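Structure first, commentary second.
This structure is a prediction, so every number in the text was calculated from the model and none was measured.
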Amino acid sequence: GQNIDQPTEMTATEGAIVQINCTYQTSGFNGLFWYQQHAGEAPTFLSYNVLDGLEEKGRFSSFLSRSKGYSYLLLKELQMKDSASYLCAVRDRGNQAGTALIFGKGTTLSVSS
Amino acid sequence: DAGVIQSPRHEVTEMGQEVTLRCKPISGHDYLFWYRQTMMRGLELLIYFNNNVPIDDSGMPEDRFSAKMPNASFSTLKIQPSEPRDSAVYFCASRVGQGPEAFFGQGTRLTVV
């Protein structure tokens, strides 16, 4: 099975940088994903890491260390619209050709001016 | 493409009634996932299909829940009989093969009174 932990809530101010951590335990790792979910809306894909290291995509970056079972999402130059829940998810190697994402409970980020 | 389409968007029903939630995945996507989201438990995987075949239903809470995918463009999640603890937002998502991104529908907010 999988176990995914991330902080419940975080706060930050506009223009700042925030790092949201995620630790996981899984029987057969096959990718670490970050999704963003605004209140009342569907989750949307942000990033994907399968190898160790940093993936950068504009203001957002995601880091993975497979040996430590650890990832973080880094948000730079925060904007009010970044206030949302950030969901960490893992995919593991199942006994089938494809597997589903298992999500953590999410980190609610509040950005203030 | 219009994206993943779910209906209804909102459903209020009385305890004991049958509830049917519907999902139309993105055309060409061969994976379909049903998730349930609550404040307490976060986003939980219920069941997923590959090429219309159920692959893993270990997340289905109990026998009151059932899901079908009669063809590549339609899936249903049925709860019979419904209970107040089933109140949640139910999301359907679809994906192409082992691609990194799953696309979520807007969800069905179910309230059982």
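- A salt bridge links A/Glu56 with A/Lys76: the distance from a Lys NZ or Arg NE/NH1/NH2 to an Asp or Glu carboxylate oxygen falls below 4.0 Å.
- Counting non-hydrogen atoms of neighbouring residues, nucleotides and ligands closer than 6.0 angstrom, the NZ atom of A/Lys57 exceeds 12 such neighbours.
- Ion pairing of A/Asp82 with A/Arg59 is present here, as a side-chain N (NZ or NE/NH1/NH2) and a carboxylate O approach within less than 4.0 Å.
- Counted within 6.0 Å of CD on B/Glu14, heavy atoms from surrounding residues, nucleotides or ligands total 12 or fewer; the atom is thus considered open.
- Remark: A/Asn3 CG to A/Asp5 CG distance equals 5.0 Å, nearest 0.5 Å.
- Among B/Gly59, B/Ser58, B/Pro100, the residue making the largest number of heavy-atom pairs under 4.5 Å with chain A is B/Pro100.
- Only the backbone of B/Met40 comes within less than 4.5 Å of a heavy atom in chain A; its side chain stays farther off.
- The closest side-chain donor-acceptor pair between A/Asn21 and A/Tyr70 falls under 3.5 angstrom.
- With values rounded to the nearest 0.5 angstrom, B/Phe65 atom CZ is found 4.0 Å from B/Tyr90 atom OH.
- Considering only heavy-atom pairs separated by less than 4.5 Å from chain B, the leading option among A/Ile102, A/Leu101, A/Val50 is A/Leu101.
- Residue A/Thr26 holds its OG1 atom at 7.5 Å from CD1 of A/Ile4, rounded to the nearest 0.5 Å.
- Contacts between residues 101-111 of chain B and chain A, defined by a heavy-atom separation under 4.5 Å, are made by B/Glu101, B/Ala102, B/Phe104, B/Gly105, B/Gln106.
- Hydrophobic clustering (ILVMFWY, side-chain heavy atoms < 4.5 Å, transitive): A/Tyr48 and A/Tyr72 are in distinct clusters.
- In this structure, the side-chain hydrogen bond (donor to acceptor under 3.5 Å, both in side chains) partners of B/Asn71, at least two apart in sequence or on a different chain, are B/Ser73.
- In terms of heavy-atom pairs under 4.5 angstrom with chain A, the leader among B/Asp30, B/Leu43, B/Leu45 is B/Leu43.
- Contacts of residues 80-89 of chain B with chain A at a heavy-atom distance below 4.5 Å are absent; not one residue qualifies.
- For residues 35-47 of chain A, the pairs satisfying side chain to side chain donor-acceptor pair (under 3.5 Å) are A/Gln36-A/Tyr86, A/Gln37-B/Gln37, A/Ser47-A/Ser62, with sequence neighbours left out.
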